[in-house]
Structure formats: C-alpha cells, structure tokens
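Okay, structure first, notes after.
Letters A, B, ... are given to chains in the order of the sequence lines, protein chains preceding strands, and every chain is numbered from 1.
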2 protein chains.
Amino acid sequence: MNEATQTISDRIQDKLDDLTRAERQLALSILENYPASGLGPLTALAKDANVSVPTVARMVQKLGYKGYPDFQSELREELRAKAKSPIAKHDTWAGAAPSEHLLNRFTTAVIDNIRLTMGQIDPVKFDEACGLIADQSHHLFIIGGRVTHTLAEYFYLHMQVIRPNLTHVQSTSNTWPHYLLNAKKGDVFVIFDVRRYENNTLKLAEMAHARGARIILFTDQWRSPVHHLAEISLSCRIIVPSAWDSATTTMLLIETMISSVQNLNWSETKERMETLEDMFDQTKLFRKFT
Amino acid sequence: MNEATQTISDRIQDKLDDLTRAERQLALSILENYPASGLGPLTALAKDANVSVPTVARMVQKLGYKGYPDFQSELREELRAKAKSPIAKHDTWAGAAPSEHLLNRFTTAVIDNIRLTMGQIDPVKFDEACGLIADQSHHLFIIGGRVTHTLAEYFYLHMQVIRPNLTHVQSTSNTWPHYLLNAKKGDVFVIFDVRRYENNTLKLAEMAHARGARIILFTDQWRSPVHHLAEISLSCRIIVPSAWDSATTTMLLIETMISSVQNLNWSETKERMETLEDMFDQTKLFRKFT
DNA sequence: CCCGTGTTGTGATATTTTTTTCAAAATTTG
DNA sequence: CAAATTTTGAAAAAAATATCACAACACGGG
C-alpha cells in the first residue's frame, strides 16, 4: 500500500469525519484554495478560516503530521511532484478523472452553455424582468411544462418568501380557466418553455396575452413560439452530451433572478424570511445549522 | 499595462543580469523547481542553492520585494490565481454588463462552485453510484426535502424514462411507512439533503438503512448527517452572493448522473424513449420539434 | 438541571525564521 | 600588483511563528 498516491487533499477529506466542528471548518477552508492557503503561516490560515491558532496545530496533528511545519513541508513536496509530472497542464474539471470521463465532458459542455448564454443576455432586459417580478402591485403567475415545471416550482418556492400575490399554475390544463379568470391587465406571467415546446403552454400564453398580461419567458436557444408574445425572453443554451437537454444554465439564470428580485424587495423580504425561520424552528422541522 | 500579468518567474528572469554570481546561482535554483522551493523557509532555500542566508534576503529585495515573507506571499498569490483554470478566471460572463452586475457576480460564484465541487468528486465513487442506480433488479427510491424536492422530482422524471421499478417519496412523512414497508435489503435510496438539514429526512434515512437499503446522498459541502449512513456521498458547493444557497451545481451533478445511467441502460432506454415519444405524439401534448 | 466529557480559544512560552551587522574573501581597476 | 570596491557568509539581534498549558465554553447523558 503506497501512501504517496494519496494527496494531502484526499487525506483531509478522508479524515473529515474524525474532525470537530472548528477543525472541519478549517479543513474546508484549506480545500477552498488548495494548496496556496496551507503554505502560508499558521496564523494567517487560522484567521482566514475563523478558527483559533491552536485548532490548526491540533488538526494537522490529527491528520498525522508532526506539526504545522511538517504539514507544510509535505504540501511543498506534493507541489514539487505535481510540477515535475508531465500531466501538470492537464486542464480538467474533475481532476481525479480523465478528460474523457463523462464528468469532464458534461461539465465542459455546461460551462460552454453558461458562457454562451451569458454572452448574449441583455442586462437591461434582465433587470427589467426583475423589476416586473418584484412589483407586488400586480399578481405573479408562474408556469412550467412537463419537465420545466420543476424549475417553475423552484422559482415559485423562493418567490413565495420574497413577495405575496403569486400563483404557481399547475400543468393540468383543467384548472387554467380559474387562474386566468383572475388575471388582470398588467399582471406578470413567468413562463418556462423549452423544446419540445408544449401546445398547452402556448395556448395559455395566448390567453394571458389577450388579457393584457405581460410575459417573461425562459426558453432555449431556439426559442419557444411563446417568445412572440413575451415582453422579455431569456434564452439559455441547453446542449449537453446526453439524450436530454440541460436545465443547469436555466437554473443559474433563475437563481440569479431570485437573488436580484430579493435585493429589490430586501426590506420586506428580510422580515418574511425571519418569520419563516421562526416558524420552521417552532415546528422543529429543521435542525439549526451549526 | 498591468504588471500583474508578469509572473514572479518572469520577473526573476528579467532581473537575472543585474544579479551577482551567488544571487544568480540562487535564482536558477529557485527556477529549478518553481514554485515549491520558494515557499519553504529561507534557510532551506539557501542551503539548497549552496548560498548563504543573507544572499537570499538581499536578492528578494533586489527583485523589489520588501522581504522574504513578502516574496513568499506573492508566490502564494500567484499559485492561487493559477489554481483557477483559465476559463474560471473570466470576470465578465455577461459581456454586456459591468463586472459588478449581479449576473457576473453570481455566475462567477457558480463557476467557482462547479470547479471546487468537481475538484473533489471521486469519479470511481460516482461511477459506482451510477451503477447502483442503473441496476433494475432493486427498487429505487428518490427523496428530497423542502427545497430539494424539486431536484428530486427532476431526477425522478428522467429516471422514469430510463428504468422501471422506482418511487418518488413525497415529503409528507405520513406516507413513509407504506413506502418503507416495501423496501427490501439492497434497494437503493437516492436522498437529497442540504442545509438546513431536515430531521424528517434523517429519520427516513435511518429507517431505510436499518432495513438494509443502500443510500446515495446528494448534499452540500458541510454534509448532511445522513452521510454517515450513506454508501456514497456527493457533496456540492452551494455558496452564492444571495440569501439562499445555489442548487445549480447539484443540478449539474444530477444531469451528469442521468446521462451516465442512461448510457449504462442504453439499449432499453432507447425503446422506452421511443414508446414515450409515440405516446406524446398521440396525445398531441407536444408539437414536434422542427 | 447538573455533571462530566470533549472542544475551543486566550495568553504565556519556546522555537524557528528572518533581518541586520560586520569582517573576510573575491573582484575590479588604476 | 596593490588599493578600492564589491560581494559574500558567519554570527548575533530582532521578529515572527509555532507550541504548550490551562481555563472557558458547549454539548449530551444521567
């Protein structure tokens, strides 16, 4: 059994369970920008991880090193070895896997999707969309499709905390008329529609549009037909090495939007979030995060 | 022109002519295995290069650093920057927006999350997990939490197409006993649990574990307590400039897993997908993608 | 609710590391 | 070739860094 094959990073992760809270916090901080932070002075590392100086000393001993200097010297040794090996310039995301591994191929594709999607987003339109969604004087409807309803729900889940006056329109088209009956001119519809585009969704969009609603559309690079009716269209690239399309980029955009809308409504959101936390505490559904 | 583009290595080479014999000897020794040797103690470096201790101190000052510690700190900074792959160094993803725009800040954070998450994924464990999930001889249970149930559902949605014999366990704990009654030894549970960790989920995991089920866990960098029971844990970094955590990285991992499992079961999946397409065509729920 | 166990941080102490001083060695120059 | 100049290294002084001992604290079990 050769221990040289195991990097210090691996070693830290293996021992993660044997570490205490503060030590784990430190360990994660080291991994955060590995190996640079571990090569600095102990004091700096401690401050960086928000733990006390002796915690660092104790952890490295738990990891099996004689002391912090010993730990550092091993780190340097590892760096030396890595610099010498010819595969040093290997530029993969999952470093432990070869570049042909699906983990790397998929990640590369997604990063590409993100780059291209962001490259063609109009920030003004984006901010405009956030403004519309943040505006509580109009009702907010959120609609997804067969696959995208999960994204719609994720969006809805967060919007619920940020603002009142919103509805998640479920896919079953029977219930639509009820929803639409309540839709007033100026109300905002957030619609998710990626290929293969759904007739249902288009129908609903048409009806909403006819009633004078404003539509914000999340779609793919080929754009759902709904985009003709939409005031703002956000198209995401969704190509990955798979039989299905990727929702990751769309997810990124959704989360950015959630964060942005939350900022616009911050004073109120804060209260709502605190109330929510209290309620969760009371029901003991969650443990406190330590 | 920014001097930050110049590495310390470059800087040493530029100044090589202004250095004295002993200093040059030292400089070349540093470049010999760069940057590891420069990150050790001054004394070791001096001995390594066969020069005296003060020579080192003098040289780094000639190079323009305040002292040896300053020199080291710059070296570490360089290492830090290098650790981020070239593509991750982008700071304006949405080219049309300034770098302080949320679109850019958020995307940068997510890319960082992806990089750090992938950096610590064990591809062997990942493949193992895919294998377990692809194995149709055991029942597959999928469980999410308050927020993560949307991810669980996304996963379930795709797994439905790939394989039979699976269940999406809804959050309401009333129904659990029924599900668990059917769980046999060797059945596979895919559990999503990110902070703030839910007691419900832990309870279910314990019951499942007690019945001899195998658990695959999607969690965050701090790892849900479920991970003690899990055969395979996949932890994603979820930090973004927002009041909430990001699910984007987890989404990426889920999609990669879907793709991988699908490849393992390809011959069968193909049939199932075609059947599904036919059914959708018949119900005219979707328009054909053109 | 208290106790005991285990964890964490503060401050003092010891060690190592860096800087400075100064004289010897090497190099240059007239 | 010798004097001036520069370079170099040994050793001491100064500064920083790491380790240690102990008290405060938090947590889980009785």
Side-chain angles (χ1 to χ4, degrees), chain A residues 8 12 15-30 35-77 281 284 286-290, chain B residues 8 12 15-30 35-77 195-197 199 202-203 206 222-223 225 228:
Chain A
I8 294 174
I12 292 174
K15 290 262 185 181
L16 220 53
D17 287 329
D18 303 343
L19 300 179
T20 65
R21 181 198 51 80
E23 285 169 351
R24 194 158 24 225
Q25 189 177 321
L26 165 67
L28 290 172
S29 165
I30 292 175
S37 57
L39 292 161
L42 187 152
T43 319
L45 180 58
K47 194 155 75 184
D48 213 52
N50 279 312
V51 298
S52 72
V53 166
T55 301
V56 182
R58 278 188 292 256
M59 193 205 65
V60 292
Q61 291 205 346
K62 263 195 193 171
L63 292 176
Y65 303 99
K66 215 181 153 189
Y68 189 67
D70 184 38
F71 168 72
Q72 284 192 315
S73 125
E74 298 269 328
L75 261 184
R76 282 194 302 273
E77 203 44 58
D281 280 351
K284 305 230 163 123
F286 301 97
R287 356 176 105 197
K288 267 252 184 272
F289 174 71
T290 49
Chain B
I8 294 173
I12 292 174
K15 290 258 183 179
L16 219 52
D17 290 332
D18 302 345
L19 300 179
T20 66
R21 180 197 53 78
E23 284 169 351
R24 194 163 353 188
Q25 190 176 322
L26 166 66
L28 291 172
S29 167
I30 292 175
S37 57
L39 291 162
L42 187 152
T43 319
L45 181 58
K47 194 154 77 184
D48 213 51
N50 278 312
V51 299
S52 72
V53 165
T55 301
V56 182
R58 278 189 292 258
M59 193 203 67
V60 291
Q61 290 204 348
K62 262 197 193 169
L63 291 177
Y65 303 98
K66 212 180 157 192
Y68 189 66
D70 184 40
F71 168 72
Q72 284 192 315
S73 128
E74 298 270 327
L75 262 183
R76 281 195 301 272
E77 203 44 57
R195 75 173 185 187
R196 308 151 61 209
Y197 312 120
N199 258 328
L202 180 57
K203 284 279 181 311
E206 277 165 355
W222 301 283
R223 300 199 288 184
H228 291 114

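- A 4.5 Å side-chain heavy-atom check between A:L19 and A:K62 finds at least one atom pair inside the cut-off.
- Between B:L39 atom CG and C:dT18 atom P the separation is 12 Å, expressed in whole Å.
- Sorted by first then second residue, the salt bridge (charged side-chain N to carboxylate O under 4.0 Å, His left out) pairs that include residues 65-76 of chain A, not counting sequence neighbours, number zero.
- Taking the salt bridge (charged side-chain N to carboxylate O under 4.0 Å, His left out) definition, one finds that B:E77 meets it with B:R80, sequence neighbours left out.
- Nucleotide C:dT7 holds its C1' atom 15 Å from the CG atom of A:D18, rounded to whole Å.
- Considering only residues two or more places apart in sequence or on other chains, A:D17 meets the salt bridge (charged side-chain N to carboxylate O under 4.0 Å, His left out) condition with B:R223.
- Contact check, B:T20 against D:dT8: a side-chain N or O comes under 4.0 Å of OP1 or OP2.
- A donor-acceptor distance shorter than 3.5 angstrom exists from the side chain of A:R24 to the backbone of A:L16, with no hydrogens or angles considered.
- For the pair B:L19 CG and D:dT6 C1', the computed distance is 15 Å after rounding to whole Å.
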Output side-chain donor-acceptor pairs under 3.5 Å for residues 38-60 of chain A, partner residues at least two apart or in another chain, one line each.
unit_1	atom_1	unit_2	atom_2	d
A:S52	OG	A:T55	OG1	3.0

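- Taking atom CD of B:Q25 as the reference point, atom P of D:dT8 lies 9 Å away to the nearest angstrom.
- Using a 4.0 Å cutoff on non-hydrogen atoms, the parts of residues 49-66 of chain B near DNA chain C are B:V53, B:P54, ordered by number.
- Side-chain proximity of B:P69 to D:dG9, C:dT18, D:dA18: nearest is C:dT18.
- Annotation: the span from A:E23 atom CD to A:L28 atom CG amounts to 12.0 Å, rounded to 0.5 Å.
- Remark: the backbone N or O of A:P69 is not paired with any side-chain donor or acceptor of A:Q72 at under 3.5 angstrom.
- Atom CD in B:E23 sits about 6 Å away from atom P in D:dT8, given to the nearest Å.
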Under 3.5 Å between N/O atoms: give me all the protein pairs with nucleotides 24-29 of chain C, atom names plus distance.
none

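- A straight line from CG of A:D70 to P of C:dT15 spans 18 Å, rounded to a whole angstrom.
- Atom OH of A:Y68 is separated from atom P of D:dC20 by 16 Å (rounded to the nearest Å).
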Exercise for review: Just do the side chain to side chain contact (heavy atoms under 4.5 Å, CB included) check on B:Y65 and B:Q61 with the steps written out, would you?
Suggested key: CA-CA 5 Å; B:Y65 303 98; B:Q61 290 204 348; over 6 Å; no

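- Atom CZ in A:F71 sits roughly 14 Å away from atom C1' in D:dA18 (whole-Å rounding).
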